[in-house]
**Student:** 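Next up is a structure, given as structure tokens.
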Amino acid sequence: SSCESLEYKLVLHMGFNLISGIHSPEVVDQIRNFEIRDSDVFVITYPKSGTIWLQQILSLIEVKGDVTATNDQLNSERVPWIELLNSEKQFVSAPSPRIHVSHLPYKFMPLGLKQKKGKVIYVARNPKDVLVSYFHFHKFANMLETPKDFDTFFEKFMEGNVFGNCWFEHVNGWCSHNDEMNFLYITYEEMIKDLQSVVERIASFLGRNLTPQQLNDVVEHSTFKNMKNNPQANYQQVPVILLNHQQGAFMRKGTVGDWKNYFTVAQNERFDKVYQQKMKDVPLSFIWDM
Ligand code: A3P
């Protein structure tokens with residue numbers, strides 16, 4: 001079939017894997033020098049940490065919870081990936097407030113952010129669940145190589161041989177520079193626990209005044225159940241050359257602790273050892289189970 005003839009592959013660019021046929025290294029290199037406006041917002045995630053969830057929440061906050069105003073656009077059209085822009089011109093000509101998501105590591109990001117221009121929201125998720133979610137995503141996404149089995153993927157993730165590279169470096173790279181930027185750190189797990197309060201925190205960080213009813217509407221249309229039934233949030237119209245809808249969905253499970261259904265005892269011990277070593281100087285903690 002036509003899908004099989006497509007050659008997407010990871011290509012290392014300045015130490016970071018880009019997906020050939022999807023990302024342009026030229027555009028990625030230009031991002032550092034993009035001129036930043038105070039009203040710019042960047043949501044940064046390692047893949048599978050809640051990117052689409054944030055696209056949903058932010059686009060709804062901008063329309064004060066009115067879901068009818070967002071329903072005709074894919075989440076990625078409302079809040080695009082900066083690394084998927086066609087050109088700098090597209091960024092320059094976009095009206096304020098420009099809101100983007102990105103999976104890029106800190107070193108690629110606009111230097112203006114360090115002058116406290118714009119705002120950054122970093123969303124982190126416990127990396128064991130990230131790994132499991134990413135395993136499933138590799139079967140679903142045709143631009144990523146389908147892993148032979150879970151064990152094979154576990155190794156790839158531990159080696160950082162995936163798009164996003166090493167999880168530990170991604171989170172440390174961003175979070176160790178937090179005080180240079182207007183920076184809000186949130187976790188997937190606290191969103192699962194209390195979405196309302198995270199939505200309130202985001203709105204207040206962005207300086208958006210919503211009534212309690214409008215905030216409720218944002219929350220209501222951002223629940224897993226409602227997003228699962230929302231074709232735009234699930235990227236259902238995205239063609240099969242990119243997403244194999246028979247093999248999965250963006251709204252897969254949406255829980256904390258699914259890793260327990262996949263990790264062997266040995267894998268878990270190994271993961272914990274690496275985690276303790278890589279995170280020993282990082283003041284972050286995660287919820288592993290609920
Ligand atoms: P699972 O595969 O564990 O279900 P990303 O958008 O960064 O690719 O992340 C996708 C992950 O976020 C998936 O995790 C998906 O189910 C989860 N997710 C997206 N929206 C969610 C929501 N409203 N509530 C809970 N989880 C959500």
Side-chain angles (χ1 to χ4, degrees), residues 19 22 42-61 65 67 70 74-84 100-104 121-144 147 150 153 157 162-165 167 170-171 174 186-199 202 216-236 238 242-245 247-263 286-290:
I19 306 171
I22 302 271
F42 290 89
V43 174
I44 313 294
T45 57
Y46 187 89
K48 311 324 290 174
S49 303
T51 323
I52 290 163
W53 203 356
L54 266 290
Q55 288 173 329
Q56 181 79 2
I57 291 168
L58 288 188
S59 55
L60 281 167
I61 286 177
V67 76
T70 59
L74 285 175
N75 281 31
S76 58
E77 291 165 345
R78 296 180 236 149
V79 182
W81 270 270
I82 190 108
E83 58 268 33
L84 293 180
H100 289 87
V101 291
S102 180
H103 295 314
L104 292 175
I121 301 173
Y122 191 91
V123 189
R125 182 180 190 184
N126 92 55
K128 295 180 186 176
D129 282 334
V130 168
L131 191 157
V132 168
S133 179
Y134 216 0
F135 167 64
H136 290 283
F137 189 70
H138 275 69
K139 295 187 271 180
F140 171 48
N142 283 327
M143 61 273 193
L144 300 172
F150 182 75
F153 186 74
F157 185 90
V162 289
F163 174 60
N165 293 62
W167 180 90
H170 198 278
V171 63
W174 277 98
I186 58 181
T187 65
Y188 179 92
E189 291 76 22
E190 59 192 345
M191 290 169 68
I192 293 278
K193 238 178 161 168
D194 187 354
L195 185 56
Q196 176 91 31
S197 81
V198 177
V199 167
I202 293 171
N216 283 345
D217 291 343
V218 173
V219 172
E220 171 69 15
H221 297 296
S222 304
T223 60
F224 184 79
K225 192 171 128 262
N226 283 338
M227 284 178 65
K228 192 161 178 76
N229 294 325
N230 177 339
Q232 306 291 20
N234 266 298
Y235 289 95
Q236 256 152 42
V238 171
L242 291 171
L243 296 174
N244 185 344
H245 297 281
Q247 290 295 320
F250 261 102
M251 300 300 125
R252 187 188 63 93
K253 201 160 178 188
T255 59
V256 179
D258 196 30
W259 62 271
K260 292 185 160 178
N261 300 316
Y262 292 87
F263 280 41
F286 287 94
I287 296 171
W288 303 97
D289 192 15
M290 266 183 194

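Order of listing sets the numbers, starting from 1, for every ligand and every atom in it.
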**Student:** Measuring only between side-chain heavy atoms, which start at C-beta, is Tyr134 closer than 4.5 Å to Val162?
**Tutor:**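 Side-chain contact under 4.5 Å: yes.
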**Student:** Has the side chain of Gln56 got a donor or acceptor atom that lies under 3.5 Å from a matching backbone atom of Ser222?
**Tutor:**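 Checked: no pair found.
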**Student:** Considering both backbone and side-chain atoms of Arg125, is one of its nitrogen or oxygen atoms within less than 3.5 Å of a nitrogen or oxygen in ligand 1?
**Tutor:**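 Yes; at least one N/O pair falls below 3.5 Å.
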**Student:** Might you point out which heavy atoms bring Gly65 and Asp217 nearest each other, and give the distance in Å?
**Tutor:**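 So the two residues come closest at O-CB, 3.5 Å.
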**Student:** Between Trp167 and Phe286, does a ring pair (Phe, Tyr, Trp, His ring centres under 6.0 Å) hold up when you go through it step by step?
**Tutor:** CA-CA 14 Å; Trp167 180 90; Phe286 287 94; 5.6 Å; yes
**Student:** For ligand 1, is there an N or O atom under 3.5 Å from any N or O atom of His103?
**Tutor:**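 In this structure, His103 places no N or O atom under 3.5 Å from an N or O of ligand 1.
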**Student:** Considering only the protein, which heavy-atom contact is closest to atom 6 (O) of ligand 1, and what is its distance?
**Tutor:**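 Of every protein heavy atom, Ile52 N, 2.9 Å lies nearest to atom 6 (O) of ligand 1.
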**Student:** Any atoms of ligand 1 less than 4.0 Å from a non-hydrogen atom of Thr223? List them with their elements.
**Tutor:**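 Counting atoms of ligand 1 from 1, those under 4.0 Å from Thr223 are 23 (N).
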**Student:** Out of all atoms in ligand 1, which are within 4.0 Å of some heavy atom of Ser133? Include the element for each.
**Tutor:**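 Answer for ligand 1: 1 (P), 2 (O), 3 (O), 13 (C), 14 (O).
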**Student:** Give me the nearest non-hydrogen protein atom to atom 8 (O) of ligand 1 as residue plus atom name, then the distance to 0.1 Å.
**Tutor:**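 Residue, atom and distance for the closest contact: Lys48 NZ, 2.8 Å.
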**Student:** So if I count the atoms of ligand 1 from 1 in the order they appear, which ones are less than 4.0 Å from some heavy atom of Gly50?
**Tutor:**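 Listed by number with element: 5 (P), 6 (O), 7 (O), 9 (O).
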**Student:** I want to know if ligand 1 touches Ile192 in the polar sense, i.e. an N/O pair below 3.5 angstrom.
**Tutor:**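 Ile192 vs ligand 1: no N/O contact under 3.5 Å.
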**Student:** Could you tell me if the side chain of Glu83 sits less than 4.5 Å from the side chain of Ile19, heavy atoms only?
**Tutor:**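 No, side chains not in contact.
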**Student:** With only distance considered, is Met227 within less than 3.5 Å of ligand 1 through an N or O on each side?
**Tutor:**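 By distance alone, the answer is no.
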**Student:** Give yes if a backbone or side-chain nitrogen or oxygen of Trp53 is under 3.5 Å from a nitrogen or oxygen of ligand 1, and no if not.
**Tutor:**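 Yes, there is a polar N/O contact under 3.5 Å.
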**Student:** Identify the heavy atoms of Gly164 and His170 that sit nearest to each other, and give their distance.
**Tutor:**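 For Gly164 and His170, the tightest heavy-atom pair comes out as O-CD2, 4.2 Å.
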**Student:** Any idea which protein heavy atom is nearest atom 7 (O) of ligand 1, and the distance to it?
**Tutor:**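 The answer is Thr51 OG1, 2.5 Å.
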**Student:** With respect to Lys253, determine whether any N or O atom, backbone or side chain, lies less than 3.5 Å from an N or O atom of ligand 1.
**Tutor:**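 Yes.
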**Student:** Students should be able to answer this: which protein heavy-atom is nearest to atom 20 (N) of ligand 1, and at what distance?
**Tutor:**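 Protein heavy atom at minimum distance: Met251 SD, 3.3 Å.
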**Student:** Which residue holds the protein heavy atom closest to atom 15 (C) of ligand 1, what is that atom called, and what is the gap in Å?
**Tutor:**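 Looking only at protein heavy atoms, the one closest to atom 15 (C) of ligand 1 is Phe250 O, 3.2 Å.
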**Student:** Closer than 4.0 angstrom, basic N to acidic O: yes or no for Lys48 and Asp129?
**Tutor:**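 No.
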**Student:** Report yes or no: does Tyr188 have a heavy atom closer than 4.0 Å to ligand 1?
**Tutor:**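 Within the 4.0 Å threshold, so yes.
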**Student:** With a 4.0 Å cut-off on heavy atoms, is Thr45 in contact with ligand 1?
**Tutor:**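 No; Thr45 lies far enough from ligand 1 that no heavy-atom distance drops under 4.0 Å.
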**Student:** Please report the interatomic distance CD1(Ile192) to CZ(Arg125), rounded to the nearest 0.5 Å.
**Tutor:**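 Those atoms lie 7.0 Å apart.
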**Student:** Which distance, rounded to the nearest 0.5 Å, do you find between the CZ of Phe137 and the CG of Leu144?
**Tutor:**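 One gets 6.0 Å once the value is rounded to the nearest 0.5 Å.
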**Student:** How close do Asn126 and Glu189 get, counting heavy atoms only, and between which atoms?
**Tutor:**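 For Asn126 versus Glu189, the nearest heavy atoms are N-OE2, 2.9 Å.
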**Student:** Give the atoms of ligand 1, by number and element, whose distance to some non-hydrogen atom of Ser49 is under 4.0 Å.
**Tutor:**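 Reading through ligand 1 atom by atom, the close ones are 7 (O), 9 (O).
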**Student:** So do Gln232 and Thr70 actually touch side chain to side chain, heavy atoms under 4.5 Å?
**Tutor:**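 Not in contact.
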**Student:** Go through Phe135 and Phe157 one step at a time and tell me if the ring pair (Phe, Tyr, Trp, His ring centres under 6.0 Å) criterion holds.
**Tutor:** CA-CA 9 Å; Phe135 167 64; Phe157 185 90; over 10 Å; no
**Student:** Measure Ser222 to ligand 1 on non-hydrogen atoms and call it side chain, backbone, both or neither using the 4.0 Å cut-off.
**Tutor:**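 Near ligand 1, Ser222 shows its backbone, while the atoms from C-beta on stay back.
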**Student:** Could you tell me whether Gly254 and ligand 1 have an N or O pair separated by under 3.5 Å?
**Tutor:**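 Yes, Gly254 has an N/O under 3.5 Å of an N/O on ligand 1.
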